[in-house]
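What follows is one structure encoded as structure tokens, with my remarks underneath.
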Amino acid sequence: MNYLSKLWTISRRELASYFQSPVAYVFIIIFLMLCGFFTFMVGNFFARNEASLASFFLWHPWLYLFLVPAAGMRLWAEERRSGSIELLLTLPVTPSQAILGKFLAAWLFLGLALLLTFPIIATVVYLGDPDGGVMATGYFGSFLVIGAYLSITSMTSAMTRNQVLSFITSVVVCLFLILAGWPPVTNMLVNWAPGWVVQGVASCSVIPHFDGLQRGVVDTRDLVYFLSVICFSLFTTGVILRNHRAG
């Protein structure tokens with residue numbers, strides 16, 4: 001069995017395990033309800049009088065701040081708590097296959113929840129003539145935000161046996177990725193930090209990179225940003241697990 005076959009086997013089993021528990025269905029229902037609430041109530045969808053999903057995507061970085069860590073906090077923390085991580089690491093799979101397999105399964109699960117928001121698309125199409133390309137890139141950007149947050153949660157989950165601690169840590173890290181480019185934060189840094197530090201911190205923010213995609217602009221720098229966050233976090237997850245195995 002080659003590398004991709006083993007990777008797909010792990011992903012398929014992990015994905016199936018999500019739907020063996022009613023928690024997954026409760027999570028999806030809560031996610032859809034919150035999306036509808038923030039889009040139509042908080043985002044003033046109808047008051048905007050425009051055929052777009054701007055009010056829908058606007059809240060995604062904040063919505064995922066809690067939902068993604070809640071869905072991913074068990075990735076490795078539960079394995080460490082139950083001791084099954086020892087068995088997993090002795091199976092004929094490489095650590096990278098295990099890490100990518102579990103990550104992809106969780107990413108696909110959350111991506112499925114995102115796809116189930118299609119009634120909002122139907123509403124926009126019914127009310128007007130939206131730009132399909134902009135909606136597609138918006139969903140793509142939202143999916144990348146999920147991946148970035150989830151990879152960070154995978155990293156924090158590998159650090160501890162406590163799922164709650166993993167959740168809190170990942171929320172804090174993801175919150176930093178949101179606030180790093182927030183004007184009040186950058187304005188505060190300007191008062192004492194050199195310009196290159198301010199620009200470096202601001203470039204870590206997920207907001208400007210997601211904003212471009214939800215406006216329909218596919219910039220290579222935005223793609224590199226999300227892929228860098230995902231690759232770095234998953235690489236760090238591997239380092240943590242290898243140290244655990246060595247210990």
| said: Assess the residue pair V206 and H209 against the criterion (side-chain contact (heavy atoms from CB on, under 4.5 Å)); give the C-alpha distance rounded to whole Å, side-chain angles, the decisive distance to 0.1 Å, and a yes or no. | reply: CA-CA 6 Å; V206 71; H209 297 287; 5.6 Å; no
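Hydrophobic clustering of Ile, Leu, Val, Met, Phe, Trp and Tyr side chains at less than 4.5 Å, counting indirect connections, keeps V224 apart from V217. Under the 4.5 Å side-chain contact rule for hydrophobic residues, L15 and L112 share a cluster. By the criterion of side-chain heavy atoms lying less than 4.5 angstrom apart, applied directly or through intervening Ile, Leu, Val, Met, Phe, Trp or Tyr residues, L32 is grouped together with Y25 in one hydrophobic cluster. Under the 4.5 Å side-chain heavy-atom criterion for Ile, Leu, Val, Met, Phe, Trp and Tyr, F232 and I178 are members of distinct hydrophobic clusters. Each of L227 and Y139 belongs to its own hydrophobic cluster when Ile, Leu, Val, Met, Phe, Trp and Tyr are linked at side-chain heavy-atom distances under 4.5 angstrom.
Side-chain contact between L177 and S205 is absent, with no heavy atoms from C-beta onward closer than 4.5 Å. At a threshold of 4.5 Å between non-hydrogen side-chain atoms, the residues L110 and F27 count as touching. Put simply, the side chain of F40 reaches to within 4.5 Å of the side chain of I120, judged on heavy atoms. S151 is listed as a side-chain neighbour of V229, based on a closest heavy-atom distance under 4.5 Å. Residues V23 and Y18 are not in side-chain contact: their nearest non-hydrogen atoms beyond the backbone lie 4.5 Å or more apart. Using a 4.5 Å heavy-atom threshold, the side chains of L63 and L67 count as touching. Inter-residue side-chain proximity for T160 and W76 is flagged as unmet; no heavy-atom pair is nearer than 4.5 Å. The closest side-chain heavy-atom distance from I240 to N243 is not below 4.5 Å.
Within the model, atoms CD of Q214 and OG1 of T137 stand 9.0 Å from one another, a figure rounded to the nearest 0.5 Å. In this structure, OG in S157 is found 10.0 Å from CG in L150, a value given to the nearest 0.5 Å. Rounding to the nearest 0.5 Å gives a distance of 9.5 Å between CH2 of W59 and CZ of F37. Going from atom CG of L104 over to atom CD of Q97 covers 11.5 Å, rounded to the nearest 0.5 Å. The distance from atom CG of L34 to atom CZ of F66, rounded to the nearest 0.5 Å, is 11.0 Å. S228 OG to F235 CZ: the interatomic distance, rounded to the nearest 0.5 Å, is 13.5 Å.
Within a 6.0 Å sphere centred on CZ of F140, other residues, nucleotides and ligands contribute 12 heavy atoms or fewer. Counting non-hydrogen atoms of other residues, nucleotides and ligands closer than 6.0 Å to CZ of F19 gives a total above 12.
In plain terms, the two heavy atoms of T39 and C35 that are nearest each other are OG1-O, 2.7 Å. Smallest separation of non-hydrogen atoms from L7 and G101: CD1-N, 3.2 Å. Here the shortest heavy-atom pairing between V145 and F210 reads CG2-CD1, 3.8 Å.
Not one N or O on the side chain of W107 forms a donor-acceptor pair closer than 3.5 Å with the backbone of L144. With hydrogens and angles ignored, the 3.5 Å screen pairs no side-chain donor or acceptor of S233 with any backbone N or O of I230. No donor-acceptor pair under 3.5 Å is formed between the side chain of S21 and the backbone N or O of A24. Panel note: side chain E14, backbone S11; no donor-acceptor pair is recorded below 3.5 Å. Using modelled atom types, no side-chain atom of S166 and backbone atom of N162 make a donor-acceptor pair closer than 3.5 Å. Checking side-chain atoms of S154 against main-chain N and O of F103 turns up no donor-acceptor pair under 3.5 Å.
In this structure, F38 has its ring center no closer than 6.0 Å to that of F56. Ring centers of Y149 and F226: at least 6.0 Å apart, outside the cut-off.
Side chains of S203 and Y225: a donor-acceptor N/O pair is absent below 3.5 angstrom, by distance only.
Applying the 4.5 Å side-chain rule to ILVMFWY residues, one finds I29 in the same cluster as M33.
Annotation: side-chain hydrogen bond (donor to acceptor under 3.5 Å, both in side chains) contacts of H60 (sequence neighbours excluded): Y64, S142. Among residues two or more places apart in sequence or in another chain, the side-chain contact (heavy atoms from CB on, under 4.5 Å) test is passed with D131 by V134.
Shown are I152, T153, L65, T156; of these, the side chain to side chain contact (heavy atoms under 4.5 Å, CB included) with V171 is made only by L65.
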